[in-house]
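Shown next, in structure tokens, is the structure this report addresses.
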Amino acid sequence: MNYIGNFSSWVQDEWVSEILSNPGWSLPKDLEKDPSVVLNSDERKWFKAGYKRSDHFFSAFYKEHCSFDIKAPWSPQSWDWWIVKMMPGQFIPVHGDLSMATRKNAKSYWMPFQDWEIGHVFMHQDKTITNYKKGDVFEYDASILHCAVNISLVPRIILQVREYVE
Amino acid sequence: MRFRENVIGRIDPEAIKFVKENQGFLLPRDLKLPEGVKENDITEDGWILNADELQWYTSGSYKPTQVIMEGFDSNNCSYDFAKDLLLDGDRCEWLVIKMHPGQYMPWHRDLTPADNGCTTHWIMLTDWEPGHLFVYEKKTISHYKAGDAYTFDDAYAWHTGCNIGYNVRINLQIRTYKK
């Protein structure tokens, strides 16, 4: 995990309010609505381990779910973005973003929309990240196994950005 | 949190096998918490909720009818997990926690005011793998082996465990008390 900088003043309160008050895309439950989605081998292992496709792990918000667009101020390149909302008790099981890792020159960034709370866990390989502040940006290798869970009493909202260097 | 030693040689393999192959108490559902339960209320089975645990439910974040893990103690397991282990005190209580993938314990502190003089030990009964979380305050323990034993520096410290991996995660918690 490489720390890039803090961009807290760029994060709009309205974005957080909108995410909190809308359902987004329920994952993995809503995957069945989009037959073009192909699970990678780590994700397929979830269901062999006992997780269910009908589960609601967390909510994802893509551009089509939001009234706003994201132009990451630290990244002038082309990129995709999505926002993760995890309510207490929600999680994403361990996985590597293998399909993304096969793309040459792809970079992944992670930005919390609120200060770290006790019980907000992001584990990258064997390390967890704590004490972060709203707007902190970290670059990480998404092909390495990672996972996240919210075992606190308050929602956890994270912006994910994937940059493709031309 | 400090590492003590590996005690796997002092744990009956049949006891671990029993936990792996059987279903424990479904927690918190089997506690049958009454509506309006309050801090330090004692349930029918003798469980006491402390302030942190009570807040899981009063905040609406978690439901007492959920199953977030399984538990084994002397009421549903004939093996004595605390026998021959590191007992710093004069008496002890033990609890084995089994978490299937997707199960977790919300962040909390363990103790009630009645637990003065308590020391808490955690002994891992399965090897660490990615997605198995064991967090004590801001410290994450990983790469542990089955039998690795840790002692809390502060029995009242914030901690949690979680399994968002691929295989079952089992640990033993022992609390010891001085007379």
Side-chain angles (χ1 to χ4, degrees), chain A residues 1 27-29 40-58 84-97 116-132 141-156, chain B residues 23 27-29 51-70 97-109 126-145 157-169:
Chain A
M1 299 281 285
L27 292 176
K29 192 167 72 174
N40 68 34
S41 60
D42 286 340
E43 293 161 342
R44 287 195 298 273
K45 277 202 279 185
W46 294 345
F47 306 112
K48 289 181 187 164
Y51 301 100
K52 294 185 176 59
R53 284 176 183 271
S54 57
D55 282 346
H56 174 71
F57 292 167
F58 64 92
V84 169
K85 176 173 73 173
M86 280 184 186
M87 301 303 285
Q90 296 182 351
F91 56 84
I92 184 162
V94 68
H95 68 287
D97 295 344
W116 177 73
E117 289 270 350
I118 231 165
H120 285 189
V121 179
F122 176 59
M123 189 171 207
H124 186 250
Q125 202 164 27
D126 55 359
K127 304 268 190 314
T128 56
I129 175 168
T130 58
N131 284 347
Y132 52 74
D141 182 345
S143 68
I144 291 176
L145 285 177
H146 57 282
C147 53
V149 62
N150 179 3
I151 35 183
S152 75
L153 300 179
V154 295
R156 171 183 181 274
Chain B
Q23 180 178 288
L27 297 172
R29 191 169 76 189
D52 293 337
E53 294 159 342
L54 183 70
Q55 208 179 11
W56 299 345
Y57 308 118
T58 57
S59 67
S61 301
Y62 304 92
K63 295 185 174 60
T65 51
Q66 278 182 280
V67 177
I68 55 176
M69 59 186 185
E70 293 179 25
I97 299 291
K98 178 162 84 170
M99 290 180 178
H100 295 280
Q103 297 188 333
Y104 56 84
M105 172 76 96
W107 195 252
H108 70 289
R109 294 161 291 185
T126 46
D127 290 347
W128 178 81
E129 62 178 72
H132 287 192
L133 276 112
F134 172 23
V135 184
Y136 174 89
E137 295 192 317
K138 292 173 183 171
K139 186 173 183 184
T140 302
I141 312 292
S142 57
H143 299 286
Y144 53 74
K145 292 289 182 190
W158 289 95
H159 63 281
T160 192
C162 177
N163 181 4
I164 43 177
Y166 297 127
N167 296 293
V168 73
R169 171 192 183 279

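The chains referred to below are lettered A, B, ... by the order of the sequence lines, with proteins before strands, and numbering in each begins at 1. Computed over heavy atoms, backbone and side chain alike; hydrogens, waters and symmetry mates excluded.
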**Item:** Main-chain N/O of A:Pro93 paired to B:Tyr166 side chain as donor or acceptor, under 3.5 Å
**Value:** no
**Request:** Could you tell me which non-hydrogen atom of B:Tyr62 sits nearest to which non-hydrogen atom of A:Pro88, and how far apart they are?
**Result:**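 For B:Tyr62 versus A:Pro88, the nearest heavy atoms are OH-CB, 3.5 Å.
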**Request:** Taking all heavy atoms of B:Leu133 and all of A:Met123, pick out the closest pair and write down the distance.
**Result:**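 The answer is CG-SD, 3.7 Å.
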Of the backbone (N, CA, C, O) and the side chain (C-beta and beyond), which part of [X] lies under 4.5 Å from a heavy atom of chain A, both, or neither?
X	result
B:Trp128	side chain
B:His143	side chain
B:Gln55	both

In Å and rounded to the nearest 0.5 Å, what is the [atom1] to [atom2] distance from [X] to [Y]?
X	Y	atom1	atom2	value
B:Tyr104	A:Ile151	OH	CD1	9.0 Å
A:Asp126	B:Ile141	CG	CD1	11.5 Å
B:His132	A:Cys147	NE2	SG	9.5 Å
B:Lys138	A:Ile118	NZ	CD1	7.5 Å
A:Met87	B:Ser61	CE	OG	7.5 Å

**Prompt:** Where does A:Leu153 contact chain B at under 4.5 Å (heavy atoms): side chain, backbone, both or neither?
**Reply:**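 A:Leu153 touches chain B through backbone and side-chain heavy atoms alike.
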**Request:** Measure distances from A:Thr128 to the heavy atoms of chain B and classify the residue's part below 4.5 Å as side chain, backbone, both or neither.
**Result:**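 Both parts, backbone and side chain.
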**Contacts with chain B made by residues 47-58 of chain A (heavy-atom distance under 4.5 Å), listed by residue number** = A:Ala49, A:Tyr51
**Asked** When heavy-atom pairs shorter than 4.5 Å are enumerated against chain A, which of B:Gly60, B:Ser59, B:Pro130 gives the highest number?
**Response**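 The residue among B:Gly60, B:Ser59, B:Pro130 with the greatest pair count is B:Pro130.
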**Item:** Among the listed options A:Asn131, A:Leu145, A:Asn150, A:Val121, the residue most often paired with chain B at heavy-atom distances under 4.5 Å
**Value:** A:Asn131
**Request:** Could I get the full list of side chain to side chain contact (heavy atoms under 4.5 Å, CB included) partners for B:Thr65, not counting sequence neighbours?
**Result:**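 Checked B:Thr65 against side chain to side chain contact (heavy atoms under 4.5 Å, CB included); matches are B:Lys63.
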**Message:** Is there a side-chain contact between A:Val94 and B:Ile164 in this structure, where contact means two heavy atoms from C-beta onward sitting under 4.5 Å apart?
**Reply:** no
